[in-house]
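Below: the structure, in structure tokens.
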Amino acid sequence: MTVPQANGGVVVNGSAQVVKGPAPLDASKTVVTLAENLKAVPPAEELIFGQTMTDHMVSVTYHPVTGWSNPEIKPYANISLDPACSIFQYSTSVFEGMKAYVGPDGKPRLFRPEMNMQRMKRSVARIALPAFDVDELLKLIKKLVAVESRWIPNVKGHSLYVRPTIIGTRPSFGVRASDHAILYVICSPTGPYFRTGPKPVSLYAVGEQVRSWPGGTGEFKLSLNYAPTFWPQQLAAEKGYDQCLWLLGEDQHITEAGAMNFFVVVKRDDGDLDVFTPPLDGTILPGLTRASVLRLTVAHGETTTLPNLAHSLKLHTSERRITMVDLFSWNDAGKLAEIFLVGTAAVVAGVGRVGFEGRELDAGAMGPVAKALYERLTDIQEGKVEFEGWCVHVDDA
Ligand SMILES: *Cc1c(COP(=O)(O)O)cnc(C)c1O
């Protein structure tokens with residue numbers, strides 16, 4: 001009999017055997033323990049983002065000698081840790097945000113999950129947490145989603161939010177990399193970001209506190225990037241705005257807004273539209289919604305037509321620096337068509353007011369390009385439209 005131990009090793013037939021070299025993450029060794037009492041699934045319309053957790057979680061530990069333990073899918077439970085652990089002292093923590101949807105065939109699927117896995121691998125490397133095999137983690141996530149499939153609301157705009165997390169658990173004050181870790185995955189059913197239909201987001205441009213900087217960690221999904229944004233976010237809220245618009249540098253160029261990627265649509269003299277987003281220069285989180293939006297705007301008029309946009313409407317997509325001077329001059333010239341934000345949680349959100357140094361512009365409500373992208377993306381995610389193999393089924397784990 002093989003019994004997984006808390007230290008990540010295994011006890012085989014009662015005698016401790018030390019595996020030679022740290023063991024790699026191996027989803028085929030998963031031990032599944034189902035919860036005896038399942039929670040009641042709340043009605044889809046009552047779901048609040050990130051508040052309800054499902055019945056089970058994935059949990060795996062890393063020990064520097066034995067490596068990754070046998071993965072467990074087990075009832076959702078607290079984690080007990082030494083208070084000296086690296087995560088509490090030095091914020092050694094990485095996470096991902098992804099969604100599972102149920103398609104018209106009743107089967108659960110994930111949206112471009114390999115991109116989340118690759119990004120998580122880069123985040124883990126950036127703060128020197130133990131490496132893991134991305135294919136094995138994806139198999140584990142698929143197994144968990146299959147176990148939790150009754151939690152995926154089968155209602156448009158609803159999904160199961162999946163949060164893979166790795167925390168450093170080295171129990172020491174030594175200021176260095178954590179060579180112990182826990183990898184876990186938890187899930188939360190979620191509804192549309194804006195229950196009462198698309199309500200424009202208002203932004204307050206902030207240059208004094210910055211979210212990211214050249215050589216910093218803004219392009220990785222590290223927990224340590226988020227805490228410093230909460231106070232500026234409160235200041236923006238006190239001024240009556242929903243989110244911060246994060247600026248950087250003397251030219252006050254835009255990086256992101258809140259925890260979403262930024263897009264602007266500008267009218268051209270020839271009647272076409274420009275679609276701009278800041279380039280991935282190391283200060284921008286490489287969102288997979290951002291990448292998908294760029295792909296869809298480029299494909300519009302070529303291989304596909306976005307909903308309710310004319311096939312002949314040309315969208316000129318480019319990644320370029322966007323300053324506050326650009327934004328206000330497009331606005332003053334009557335060329336500012338739309339501003340919108342993209343990310344897994346809200347998918348696409350239209351921007352209305354933007355406040356900056358005592359001035360304000362109003363980009364209106366969610367415009368036709370943002371609406372078309374929202375419709376197309378959610379149709380692809382919910383399996384109603386197939387596009388370039390972006391959705392993968394979970395039952396092949
Ligand atoms: C997660 C995140 C995004 C959006 O990325 P997606 O992969 O599209 O969900 C954008 N900006 C920040 C800062 C983020 O943390």
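When a ligand or atom number is given, it counts from 1 through the structure's own listing order.
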Problem set entry | Steps toward salt bridge (Lys or Arg N to Asp or Glu O under 4.0 Å) verdict (D179, R170) | CA-CA 6 Å; D179 53 0; R170 181 169 193 268; 3.5 Å; yes
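- The closest side-chain heavy-atom distance from V201 to M260 is not below 4.5 Å.
- Annotation: side chain of T277 is in contact with side chain of R290 (closest heavy-atom distance under 4.5 Å).
- You'll find the ring centres of Y101 and F111 outside the 6.0 Å limit.
- Cluster partners of Y76, by chain and number: M53, M57, I79, L81, I87, F88, I167, I182, Y184, I186. The rule joins Ile, Leu, Val, Met, Phe, Trp and Tyr whenever side-chain heavy atoms lie under 4.5 Å apart.
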Would you tabulate the polar-atom pairs, meaning N/O of ligand 1 against N/O of the protein, with distances under 3.5 Å, reported to 0.1 Å?
{"from": "ligand 1", "atom 1": "7 (O)", "to": "R119", "atom 2": "NH1", "distance (Å)": "2.8"}
{"from": "ligand 1", "atom 1": "7 (O)", "to": "R119", "atom 2": "NH2", "distance (Å)": "3.1"}
{"from": "ligand 1", "atom 1": "7 (O)", "to": "L288", "atom 2": "N", "distance (Å)": "2.8"}
{"from": "ligand 1", "atom 1": "8 (O)", "to": "L288", "atom 2": "N", "distance (Å)": "3.3"}
{"from": "ligand 1", "atom 1": "8 (O)", "to": "T289", "atom 2": "N", "distance (Å)": "3.0"}
{"from": "ligand 1", "atom 1": "8 (O)", "to": "T289", "atom 2": "OG1", "distance (Å)": "2.6"}
{"from": "ligand 1", "atom 1": "9 (O)", "to": "T344", "atom 2": "N", "distance (Å)": "2.9"}
{"from": "ligand 1", "atom 1": "9 (O)", "to": "T344", "atom 2": "OG1", "distance (Å)": "2.5"}
{"from": "ligand 1", "atom 1": "11 (N)", "to": "E256", "atom 2": "OE1", "distance (Å)": "2.5"}
{"from": "ligand 1", "atom 1": "11 (N)", "to": "A259", "atom 2": "O", "distance (Å)": "3.3"}
{"from": "ligand 1", "atom 1": "15 (O)", "to": "K221", "atom 2": "NZ", "distance (Å)": "2.7"}
{"from": "ligand 1", "atom 1": "15 (O)", "to": "Y226", "atom 2": "OH", "distance (Å)": "2.4"}

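- Side-chain contact check for D251 and T323: no donor-acceptor pair (N or O, by modelled atom type) lies under 3.5 Å.
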